[in-house]
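Okay, here's the structure, questions in a sec.
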Amino acid sequence: MYVILTSKDGLFRTEIVDGLRPLAAYDYLFYGTKKATFVIAELLKETKIKVIDEAWSPPIVNEVPSKFLERFATPELAYRELEHLTTFGHMDTKLRKS
């Protein structure tokens, strides 16, 4: 199974932990400005994913069980979902491989 992890600079970041194997990363650009980074990762086993809330000082670490993440049968299906989530009519949005 495959999952999508999200990070937003200065707000929060999702870290790769044991049980995840990253396959590809994409920057989400909105009118040329990077708004987020998405990582498509293979879920090798149930795990707790570290989400670090950087809006606080010191940052707050949350551990989110992987059972709460949407899962996809293939990396291609995960990428299609990313395209769907980041497309808004005729707005200038792009996914750029990072």
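For the single chain, residues carry numbers from 1 onward in sequence order.
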Looking only at heavy atoms, which two atoms of Val39 and Pro22 are closest? And how far apart? CG1-CB, 3.9 Å

Can you find a heavy atom in the side chain of Leu44 that is under 4.5 Å from one in the side chain of Asp18? no

Is there a path from Ile49 to Phe72 through hydrophobic residues (I, L, V, M, F, W, Y) whose side chains come within less than 4.5 Å of each other? no

Pair up each side-chain donor or acceptor in residues 54-62 with any protein partner under 3.5 Å, not counting sequence neighbours, and list the distances.
residue: Glu54; atom: OE1; partner: Gly10; partner atom: N; Å: 3.3
residue: Glu54; atom: OE2; partner: Arg13; partner atom: NH1; Å: 2.6
residue: Trp56; atom: NE1; partner: Asp53; partner atom: OD2; Å: 3.3

Evaluate the side-chain proximity of Tyr31 to Met91: yes if any heavy-atom separation is below 4.5 Å, no if none is. yes

Which value, rounded to the nearest 0.5 Å, describes the distance between Leu69 atom CG and Met1 atom CE? 11.5 Å

Hey, could you give me each pair passing salt bridge (charged side-chain N to carboxylate O under 4.0 Å, His left out) that has a residue in residues 74-92? Not counting sequence neighbours. Asp92-Lys94

State, yes or no, whether a side-chain contact exists between Leu5 and Leu20 at a heavy-atom distance under 4.5 Å. yes

For residues Thr6 and Thr37, determine if any side-chain heavy atom of one lies less than 4.5 Å from a side-chain heavy atom of the other. no

Taking the basic N atoms (NZ, or NE/NH1/NH2) and the acidic carboxylate oxygens, is any pair closer than 4.0 Å for Glu46 and Arg71? yes

4.5 Å side-chain heavy-atom contact, Phe12 and Ile52: no

Do Leu43 and Ile16 share a hydrophobic cluster (ILVMFWY, side-chain heavy atoms under 4.5 Å, transitive)? yes

Phe88 ring center near Phe30 ring center (under 6.0 Å): no

Any salt bridge (charged side-chain N to carboxylate O under 4.0 Å, His left out) pairs touching residues 19-33, not counting sequence neighbours? Arg21-Glu42, Asp27-Lys34, Asp27-Arg96

Are Ile4 and Leu77 in one and the same hydrophobic cluster, where Ile, Leu, Val, Met, Phe, Trp and Tyr link if side-chain heavy atoms are under 4.5 Å apart? yes

Does any part of the side chain of Leu95, heavy atoms only, come nearer than 4.5 Å to the side chain of Tyr79, both counted from C-beta? yes

Candidate pair Tyr26 and Thr86, rule side-chain contact (heavy atoms from CB on, under 4.5 Å), full reasoning: CA-CA 11 Å; Tyr26 300 91; Thr86 59; over 6 Å; no

With distance as the sole test, does Thr14 use its side chain to make a donor-acceptor pair with the main-chain N or O of Val51 at under 3.5 Å? no

Group every Ile, Leu, Val, Met, Phe, Trp and Tyr by side-chain heavy-atom contacts under 4.5 Å, then state whether Phe68 and Phe38 land in the same group. no

Any link between Val3 and Val17 through a network of hydrophobic side chains (Ile, Leu, Val, Met, Phe, Trp, Tyr) touching at under 4.5 Å? yes

